[in-house]
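Notes to accompany the following structure.
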Amino acid sequence: MTREIPTHQQHAYWSGVFAMTLCVFVLIASEFMPVSLLTPIASDLGVSEGLAGQGIAISGALAVVTSLSLSRLAGNLNRKYLLLGMTALMAISGAIVALAASYPVYMLGRALIGIAIGGFWSMSAATALRLVPEHLVPRALAIFNGGNALATVIAAPLGSYLGAVVGWRGAFWCLVPVAIAAFIWQWMSLPLMATDKTARSDGAIFRLFSRPVVAIGLLACGLFFMGQFALFTYVRPFLETVTKVEIATLSLILLTIGVAGFIGTLVISRCLKAGFYPTLIAIPLLMAAIAGTLMLSGQNVWVVAPMLGFWGLLATAAPTGWWTWVARTLPDDAEAGGGLMVAIIQLSIALGSTLGGLAFDHIGWQSTFTLSGGLLIAAAGLTFLTSRKTLHTH
């Protein structure tokens with residue numbers, strides 16, 4: 001049995017860090033698996049693609065509620081068992097989705113993954129502090145985010161490929177044994193982690209909104225994620241109905257988006273060092289330009305594929321910029337700011353995919369892309385405003 005570890009003891013639980021990273025990988029893969037399987041899920045469950053896309057919206061919505069309320073609901077429960085519970089929930093969610101005979105059961109499975117996502121991400125920074133000495137925390141968080149980036153690379157093309165080989169249900173079944181492996185690895189490698197008695201109350205999280213730079217910055221971040229997922233959730237139906245690609249080409253384009261995103265996460269830190277706010281402003285503006293280009297050249301696969309690759313590079317790199325913004329803007333409230341950021345991002349993913357789906361179903365794909373472009377331009381404007389506020393506060 002693992003003992004409680006005094007925080008002053010300089011011992012790094014790297015096995016625990018890597019177990020958490022595997023968990024992050026399965027979480028992100030589970031969250032975005034429907035993106036590449038939207039068409040078969042919709043036809044099998046007898047609903048529209050817009051409704052099938054709400055499977056991403058509901059997981060986002062539940063993640064918001066969980067990230068804001070978990071610390072209060074969990075009380076003094078040891079954090080090791082809380083993390084294990086979230087991992088078990090992830091495996092159960094995959095099985096429920098794979099077995100779903102109806103749309104409500106599918107949505108129930110998606111709701112459970114949302115709870116796991118919100119709980120896991122809101123605890124990630126605090127867990128890193130428990131697993132490694134303070135000076136190694138950035139490295140541990142970078143490793144967690146490596147699992148995130150890897151899942152972003154693999155989830156969509158692998159989902160699309162598995163969907164073609166074993167069906168969309170089989171693709172979800174494939175996540176279950178990996179989640180079970182993550183559970184066993186965490187059970188063996190994580191130390192016991194008692195709750196921090198000095199942790200801030202939930203009210204402290206919302207108090208951060210009283211600072212204009214925080215309120216405007218979080219709104220800018222939220223609009224960015226709304227704009228991103230209003231479009232990205234419906235990439236597969238767009239590629240199939242507008243660009244008219246075959247399944248092999250579809251998988252290749254999704255892989256291109258993922259690989260480009262992985263490259264983006266590697267180069268973003270240099271761009272942020274060279275110009276922090278200019279980079280955060282340029283990313284949504286360039287993505288809005290890509291949305292416009294896709295509307296004009298949606299039928300031409302030779303334009304669409306590189307444009308979506310560039311989209312992936314920018315979109316996957318952007319969260320690193322916003323997490324850096326939290327650390328820079330709230331050095332003394334980084335944990336409260338982190339919980340709030342998880343909530344904002346997940347709420348925005350839910351809103352973006354919902355609004356995008358409604359537009360896709362009722363007005364047409366061009367309206368979804370227009371909505372995305374508008375939200376991204378607004379995000380760039382608010383990021384510029386945040387940079388001005390930051391100058392005034394320093």
[Y] reachable from [X] in the ILVMFWY side-chain graph, under 4.5 Å edges:
X	Y	value
Met226	Leu358	no
Leu294	Ile363	no
Phe120	Val178	yes
Leu296	Ile253	no
Met295	Leu308	yes

Does a donor on one side chain and an acceptor on the other come within less than 3.5 Å for Trp168 and Thr39? no

Could you check whether Gln54 and Ser353, counting side-chain N and O atoms only, form a donor-acceptor pair closer than 3.5 Å? no

When you measure from the side chain of [X] to the backbone of [Y], do you find a donor-acceptor pair of N or O atoms at a distance under 3.5 Å?
X	Y	result
Tyr106	Ile41	no
Arg169	Gly163	no
Ser367	Ala359	yes
Ser372	Thr368	no
Thr279	Cys271	yes
Tyr234	Glu49	no

Atom [atom1] of [X] and atom [atom2] of [Y]: how far apart are they, to the nearest 0.5 Å?
X	Y	atom1	atom2	value
Leu175	Ile180	CG	CD1	11.0 Å
Ser67	Leu62	OG	CG	10.5 Å
Met20	Ser15	CE	OG	12.5 Å
Met107	Ser102	CE	OG	11.5 Å
Thr87	Gln186	OG1	CD	3.5 Å
Leu84	Ile184	CG	CD1	11.0 Å

Should the heavy atoms of other residues, nucleotides or ligands under 6.0 Å from CZ of Phe276 be counted, would the total exceed 12? yes

Any chance CZ of Phe183 has more than 12 other-residue heavy atoms, nucleotides or ligands included, within less than 6.0 Å? yes

Any side-chain heavy atom of [X] sitting closer than 4.5 Å to one from [Y]?
X	Y	value
Ile349	Phe232	no
Met86	Leu27	no
Leu286	Phe310	yes
Arg388	Phe384	yes
Leu231	Met287	no
Phe224	Thr383	no
Phe172	Ile96	no
Trp173	Leu99	yes

Residue pair [X] / [Y]: nearest heavy atoms and the distance that separates them:
X	Y	result
Cys221	Met341	SG-SD, 3.5 Å
Ala100	Leu45	O-CD2, 3.9 Å
Cys23	Met90	SG-CE, 3.6 Å
Val301	Pro306	O-CD, 4.1 Å
Gly227	Leu375	CA-CB, 3.7 Å
Ile216	Thr386	CG2-OG1, 3.4 Å

Output, in order, the C-alpha distance, side-chain angles, deciding distance and verdict of side chain to side chain contact (heavy atoms under 4.5 Å, CB included) for Leu254 and Val235. CA-CA 9 Å; Leu254 292 171; Val235 156; 4.2 Å; yes

Begin from the C-alpha positions of Ser297 and Trp302 and carry the test side-chain hydrogen bond (donor to acceptor under 3.5 Å, both in side chains) through to its verdict. CA-CA 9 Å; Ser297 314; Trp302 297 107; over 6 Å; no

Between Met33 and Val97, does a side chain to side chain contact (heavy atoms under 4.5 Å, CB included) hold up when you go through it step by step? CA-CA 11 Å; Met33 190 71 96; Val97 171; over 6 Å; no

Can you label the angle between the Phe229 ring and the Phe225 ring as parallel, tilted or perpendicular, going by 30° and 60°? parallel

In terms of the angle between their ring planes, are Trp187 and Tyr81 parallel, tilted or perpendicular, with boundaries placed at 30° and 60°? tilted

Please evaluate residues Trp325 and Leu218 with respect to the criterion side chain to side chain contact (heavy atoms under 4.5 Å, CB included), reporting the C-alpha separation (whole Å), side-chain torsions for both, the decisive distance (0.1 Å), and the verdict. CA-CA 10 Å; Trp325 175 82; Leu218 287 171; 4.1 Å; yes

